[in-house]
Structures are given as C-alpha cells and as structure tokens.
Amino acid sequence: MSRRVVITAGASGIGRAMAERFLSEGARVAICDVDAQAVADFAAAHPGTLAQVADVTSESAMEGFLGQVEAAWGGADVVCANAGTGGPAGAVETLDYDAWQACIAVNLHGAFLTCRWAARVMKPQGSGVIVLTSSNAGLFGYPLRAPYASAKWAVIGLTKTLAMELGPHGIRVNAICPGAVEGPRMDRVVASVAQASGQTEKAVRASYVDGVSLRSWVTAEDVAATVAFLASDAGARISGQALAIDGHTERMT
Ligand code: NAD
C-alpha cells in the first residue's frame, strides 16, 4: 500500500510543496489548514486527498482532523508538523503579550498536538517518520523576532526529546530548518522587519542573502525535497537532527 502522509498547514506555501512532492511519489496525503479557501483550492487541485479546515492550536479541531485520518487509514507513516507563523517583529520591550502567545501557540503547541497523535498511532505500528518544521531562526538568535526564534528553538527541543522517546519504537523524528523561502510569507516578514528596524525592504531583503554562504534564497521545493529524503529509506538511520536547508546561514539580521 502507498505511504500515508499527514501534513499540517498543507494547503499553501511549504506544506503544499511537501504535499505535492509526496503525491508525486504516489503517497496518500492528508492536509489541514486554517484557511478554508486554501483548503478548498487544494482539494480541487488534488481530488482524492483528505483536506480539512483545522487550526493546529485547537485541540478539538485537531482531534477532529486527525480522528478522520485515523478512521480512513488506521494510522500514518509520515507526519509533518509544519504549521508555523512568523509572529510579531519588534524590540522585545514593544512586543504585545497576546501576539507573543499566538506565535508560540501555532509553532509549538500545534506541533505538540500533531506529534502527540503521531506517537499514539505510530507506537503500535512500530514504525513512522515525524518531521517538524523549525527554521534557521531555531539555530541562531534573531534580533526583533524573539517570539519566532524562541518558538523554533523549542521545536528543536521537542524534536530531540521525541527522537529519544520514540526511537526505541522504530520511529524517527527530525526537524528541518529552512532559511528564507521565496514567497508571500517572506514578503510579509521583510515588510514587518523593515518597519520595525527603519530599513528599506530592499535592504532587509539584501541582508538575508548577505548572511548566507550560498548567497541565495530557498524554494519551497528545496524544503520538500529534503523532507522526502528524510522520509525515505535513504534517511533510515537519521533521527534527532535539526537539518538546515538554508544555503548555510552565517548570521541572522
Ligand atoms: P505560510 O505563511 O505561507 O502559511 C502556510 C499555511 O499555513 C497557510 O495556508 C496558512 O493558512 C497555514 N496556517 C497558518 N496558521 C495555521 C494554523 N494555526 N493552523 C493551520 N494552518 C495554519 O507559511 P510557510 O512559509 O509555508 O511556512 C511553513 C512552515 O515553515 C512554518 O512552520 C514556518 O515557520 C516555517 N518556515 C518558513 C520559512 C519561510 O521563509 N517561509 C522559513 C523557515 C521556516
């Protein structure tokens, strides 16, 4: 039977690229996303996939989505806890507590709810692969982005801990750490960092490339290819890693 792949925030951006990569490899794919229109567009483009509106921070919504997956497939072979949000940009003394909490909730609490279910279904199977989306912001300090960097470091803590808990049950757990990925999300991040720092958007955009050894941005397809590798037999002995897909970040802006 084809592999069963679950991806959170899979209706657009990096998650959608992951979904399409796994579909191209013949996998069965289930995605959730908080954006109803994006879910409808994804379902229309990929009939036969399981696509549901669910906010990863809602325990009941996630139980509804993941319960449907379990009812349809009986478990999962690959689970990608991918949902994340950039959170507010600004000096720490200016940050709003609600915005801080919202950023931690999507990036960390959502990953917890997703991985808890993955552990519950994968342990009895004695196999499985979990991939959590962290960021190069989970490997460096990141001025003006304290909530996001904090959440993404926490995702790596969760990854390493789950790799230890689940490894003896044949389950591999890794984090991916993309650099700046071309697309609408980074356009928004660049705009908010420019506003918070007083630089032009052009200068912020250039600074991301300056701090990268390969002097390039990343594509969603680059990230999806790495996830496909980690989920494949080629990754059979890889667990507990935080793998950067970033052209080698030398420093964050
Ligand atoms: P994005 O902003 O393009 O959003 C992708 C999808 O996530 C959207 O369809 C959105 O509706 C969905 N989403 C947002 N909040 C959600 C929630 N609470 N529940 C369910 N779905 C939700 O994001 P992206 O650029 O595709 O990023 C995906 C992951 O990669 C995130 O964890 C992000 O932090 C991480 N990441 C992104 C970049 C980048 O440059 N884009 C770099 C490093 C890491």
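Residues: numbered from 1 along the sequence shown. Counting starts at 1 for both ligands and their atoms, in listed order.
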### Query
What is the closest protein heavy atom to atom 25 (O) of ligand 1, and at what distance does it sit?
Arg185 CD, 2.8 Å

### Query
Any idea which atoms of ligand 1 are less than 4.0 Å away from a heavy-atom of Met186?
39 (C), 40 (O)

### Pair Arg205 + Glu201, salt bridge at N-O below 4.0 Å
no

#### Entry: Test of proximity, Asn136 against ligand 1: N or O pairs below 3.5 Å
no

### Message
Check for me whether Arg16 has a heavy atom closer than 4.0 Å to any atom of ligand 1.
### Response
no

### Task
Answer side chain, backbone, both or neither: which part of Ser134 comes under 4.0 Å from ligand 1, heavy atoms only.
backbone

### Query
Is there a donor-acceptor pair closer than 3.5 Å between any side-chain N or O of Asp33 and the backbone N or O of Val53?
no

### Under 4.0 Å to a heavy atom of Arg188 - the qualifying atoms of ligand 1, by number
2 (O)

### Summary
Short version for Ala54: what comes under 4.0 Å of ligand 1, heavy atoms counted, is backbone

### Query
Short N/O distance, under 3.5 Å, between Val34 and ligand 1?
yes

### Query
What residue and heavy atom of the protein are closest to atom 32 (O) of ligand 1, and at what distance?
Asn82 O, 2.7 Å

### Message
Could you check whether any side-chain heavy atom of Ser216 comes within less than 4.5 Å of a side-chain heavy atom of Val209, counting everything from C-beta outward?
### Response
no

### Query
To which protein heavy atom is atom 19 (N) of ligand 1 closest, and what is the distance rounded to 0.1 Å?
Val56 N, 3.0 Å

### Query
Any N/O of Lys152 closer than 3.5 Å to an N/O of ligand 1?
yes

### Query
Can you check whether Gly90's main-chain N or O pairs, donor with acceptor, with Thr94's side chain at less than 3.5 Å?
no

### Query
N/O of Gly84 under 3.5 Å from N/O of ligand 1, yes or no?
yes

### Query
Is there a donor-acceptor contact under 3.5 Å from the side chain of Arg172 to the main chain of Ile238?
yes

### Query
Is there side-chain contact between Trp117 and Val69, with heavy atoms separated by less than 4.5 Å?
yes

### Query
Is any side-chain heavy atom of Val78 closer than 4.5 Å to a side-chain heavy atom of Val6?
no

### Query
Taking N or O atoms only and a 3.5 Å limit, does Thr85 qualify as a polar contact for ligand 1?
no

### Query
Looking only at atom types and distance, does a side-chain atom of Glu182 sit under 3.5 Å from a main-chain N or O of Ala220, one as donor and one as acceptor?
no

### Task
Could you tell me whether Ser135 and ligand 1 have an N or O pair separated by under 3.5 Å?
no

### Summary
Out of Asp35, Asp33, Asn107, Thr133, the nearest non-hydrogen contact to atom 35 (C) of ligand 1 is supplied by Thr133

### Query
Just which atoms of ligand 1 are under 4.0 Å from any heavy atom in Gly13?
26 (O)

### Message
With a heavy-atom distance limit of 4.0 Å, tell me whether Ala180 approaches ligand 1 through its side chain, its backbone, both, or neither.
### Response
backbone

### Query
Does Val181, backbone or side chain, put an N or O under 3.5 Å from an N or O of ligand 1?
yes

### Query
For His109 and Glu59, does a side-chain donor sit closer than 3.5 Å to a side-chain acceptor?
no

### Query
Has the side chain of Asn174 got a donor or acceptor atom that lies under 3.5 Å from a matching backbone atom of Gln241?
yes

### Task
Just need the protein heavy atom nearest to atom 4 (O) of ligand 1, so name the residue and atom and give the distance.
Ser12 OG, 4.3 Å

### Message
With a 4.0 Å cut-off on N to O distance, would you call Glu63 and Arg116 a salt bridge?
### Response
yes

### Query
Is any side-chain heavy atom of Met186 closer than 4.5 Å to a side-chain heavy atom of Trp217?
yes

## Note on the structure
For Tyr148, the atoms of ligand 1 under 4.0 Å from one of its heavy atoms are 33 (C), 34 (O), 35 (C), 36 (N), 43 (C), 44 (C)

### Task
Could you list which atoms of ligand 1 come closer than 4.0 Å to a heavy atom of Val106?
18 (N)

### Task
Just need the protein heavy atom nearest to atom 43 (C) of ligand 1, so name the residue and atom and give the distance.
Pro178 O, 3.2 Å

### Within-cut-off N or O pair, Cys32 and ligand 1, under 3.5 Å
no

### Query
What closest approach, in Å, do Ser239 and Val173 show between heavy atoms, and which atom pair accounts for it?
OG-N, 3.0 Å

### Query
Would you say the side chain of Leu166 lies within less than 4.5 Å of the side chain of Pro168, judging by non-hydrogen atoms?
no

### Task
Look at the side chain of Arg3 and the backbone N and O of Ala27, then say whether any donor-acceptor pair between them is shorter than 3.5 Å.
no

### Query
Can you list the atoms of ligand 1 that are under 4.0 Å from a heavy atom of Ala83?
32 (O)

### Query
Among the heavy atoms of Thr8, does any lie under 4.0 Å from an atom of ligand 1?
no

#### Entry: Nearest neighbour in protein (non-hydrogen) for atom 42 (C) of ligand 1
Gly179 O, 3.1 Å

### Query
Are any of the N or O atoms of Ile14 closer than 3.5 Å to those of ligand 1?
yes

### Query
Looking at atom 7 (O) of ligand 1, what's its closest protein heavy atom, distance included?
Ala9 CB, 3.1 Å

### Task
Could you pull out the closest heavy-atom pair between Asn136 and Asp246, with the gap in Å?
CB-OD2, 4.0 Å

### Query
Where is the nearest protein heavy atom to atom 18 (N) of ligand 1: which residue, which atom, and how far?
Asp55 OD1, 2.9 Å

## Note on the structure
When every non-hydrogen atom of Phe65 is compared with those of Ala54, the smallest separation belongs to CB-CB, 4.1 Å

